[in-house]
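Hydrogens, waters and symmetry mates play no part in the numbers below; they use all other heavy atoms, side chains included. Note that the structure is predicted; figures quoted are calculated from it, not measured. Letters go in sequence order (proteins before strands), and every chain restarts at 1.
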2 protein chains.
Amino acid sequence: MGNGEWVPLAHRVPDLGALELLLAVARIGSLSGAAKRMGITQPAASSRIRAMETRLGVALVDRSPRGSTLTAEGALVTDWARRVVEAAEAFDAGAQALRGRRDSRLRVAASMTIAEYLLPGWLIALRGQRPGTAVSLHAGNSAVVAERVLAHEADLGFVEGLSVPEGLDSAVIAQDRLVVAVAPGHAWARRTKGVAAAELAATPLILREWGSGTRQVLDAALAQSGGLAAPLLELASTTAVKAAALSGAGPCVLSELALGEELAARRLVEVPVTGAALGRALRAVWPVGNRPAGPARDLLSLTRARP
Amino acid sequence: MGNGEWVPLAHRVPDLGALELLLAVARIGSLSGAAKRMGITQPAASSRIRAMETRLGVALVDRSPRGSTLTAEGALVTDWARRVVEAAEAFDAGAQALRGRRDSRLRVAASMTIAEYLLPGWLIALRGQRPGTAVSLHAGNSAVVAERVLAHEADLGFVEGLSVPEGLDSAVIAQDRLVVAVAPGHAWARRTKGVAAAELAATPLILREWGSGTRQVLDAALAQSGGLAAPLLELASTTAVKAAALSGAGPCVLSELALGEELAARRLVEVPVTGAALGRALRAVWPVGNRPAGPARDLLSLTRARP
DNA sequence: TAAGGCCATAAACTGACTTTATGGGTAACG
DNA sequence: CGTTACCCATAAAGTCAGTTTATGGCCTTA
């Protein structure tokens, strides 16, 4: 893509502090109250909000002597801001765990997909329930996770895959699903009956490169339908796969977790597949006999559909 | 919720510029290259990445005399960062449109739900196709949108609702759906057969306050099943409704768009409903006869499942 | 071995954000 | 009808993070 006269996003979007302040103003209903909540003074808050309004060219809050409320545009902006702040919170939760402090009271090992999409949310929830718990995270493939759990270097592991590694007990915490998705303009988007496994197998697809968990499950599921055709594109990251599919290059296959937002917004359309099992269990694992206790049990109960 | 020793998110998460820089490093493969791309000097980039590593306590990039590549942890952090940056891009696209400049070549009016969840994505896509197009956005309820379109104050409108306002032609661009969702621990989460409309109507629910489009559709859909019971909670914002449902307070009803992420991550579970039509069309509208042309046509074709 | 990538470090600079210090406005209350 | 207690705005001075400029070391390629 061309560069043109590109300016960094950071110069066009208020910084996280300002967005967070805006959320506080929305919730609390006054600039000074929000300022106190954020640990800054009232003039600072006033100035920041005003700077944000100037930059956006829109009035965000109605000031009155007895408080400030959002304007209609302000409410919309606040909703967009909330999504940024929530993503930042997930980032923070994940990053803190990645730090891997020695004094951690809960050591977790997780596969990539789980670490990327699910764990931050769980950690935020755990922090809500047990604020004191320090968590350390180690990410790797299923084999690495199993190894660390068996060596008692992790209190709890999370794996995605078809089978449970030797020596571990497990509980299914969710049922992930590979999803075939196409851009709305693609011919398959009209197929309400979906595609048969054999047709899917015969079609060149946009895939992650070989070695990814996703790819392995797909290979196994279509083995009896003739095996995978040569890929249309073979890309290194989930993002690249999504981008290619969005541009209409062809059908892609990714975890439902990676596609949630695109599917909800109809930027991509799911194509049902008949005759192949594209599901895979997401499992929590622990050494045989060592049922999780303490913080590990807390986290586990957060992740399971049924406690 | 208690405050405790809270520190602002902005002090724990790198700023957007740093996250964007990290993405550039991931894509380009060198600090100096990423620096050039971002319009800063190489030492600045080096220093920012280093500061980020220090703050997070994790090495993110492997430096070598022939470039820099992400470490395993770096790749994970980059994926989390990408979500923050994408949210910020959506914020920016929406905010720019809200500005409402006079020289806008495309004036759009949209209902709240569409403006909040769908429009930013469309605008990003439009910017990709037609970089020069300046868009102005006006958000309001269906009546306001219709009025602006009829008065030729907007080139294109987007409404959600059961009927098309008088004097407007329309095209269905997506089928939104109200979703009943509960926390995974809730009894309804186990109901694979879902709940009947009558049972839903009789159950106290967590709802948006009266007047919201969501609420109206729900009222209409359950009118023949006995009408809505008194709400369990009646809250002012989508976010508040979600938060209440996440905490296990009870079943909530929200647009599928608002719940996409929570459902994908299984933080909330969808409960199928039988015997009531909870779907509603999302429509683009324009004055009878004035078929959209130019930029409006470009945007319209981006939003339609079938061009 | 010279050239051209890449990255690290040090020191001076800049500017955005902050606090401190005021002032003006509205509402509740005796 | 003043007093008190909120609320917000403005001005001036201070602070610190992030930046540039300048330099040096390392590795590969021709």
- Message: Assuming nearest nucleotide by heavy-atom distance, tell me which of A:A51 and A:P65 is located more 5' along DNA chain C.
- Response: A:A51

- Provide the closest heavy-atom pair for A:A81 versus A:L19 in the form atom of the first, atom of the second, distance. CB-CD2, 3.9 Å

- Message: Within this structure, what is the CG-CD distance for the pair B:L257 and A:E261, rounded to the nearest 0.5 Å?
- Response: 10.5 Å

- Side-chain N or O of A:R63 less than 4.0 angstrom from OP1 or OP2 on D:dC8? no

- Query: Please give, in whole Å, the distance from C:dA16 C1' to A:R55 CZ?
  - Reply: 10 Å

- Query: For A:R99 and A:S136, does a side-chain donor sit closer than 3.5 Å to a side-chain acceptor?
  - Reply: no

- Nearest-0.5 Å distance, CG of residue B:D15 to CZ of residue B:R48: 4.5 Å

- Query: Rounded to whole angstrom units, what separation is found between the CG atom of A:D62 and the P atom of D:dA9?
  - Reply: 11 Å

- Query: Which of these nucleotides, D:dC8, C:dA8, C:dC7, is closest to any side-chain atom of A:L31?
  - Reply: D:dC8

- Check whether any side-chain N or O of A:S68 sits under 4.0 Å from OP1 or OP2 of D:dC8, and answer yes or no. yes

- Tell me which residues in residues 40-48 of chain A put a heavy atom below 4.0 Å from DNA chain D, sorted by number, or none. A:Q42, A:P43, A:S46

- So, for B:Y117 and B:W122, is the gap between ring centers shorter than 6.0 Å? no

- Message: Pairing donors with acceptors under 3.5 angstrom, does anything connect the side chains of A:T133 and A:R127?
- Response: no

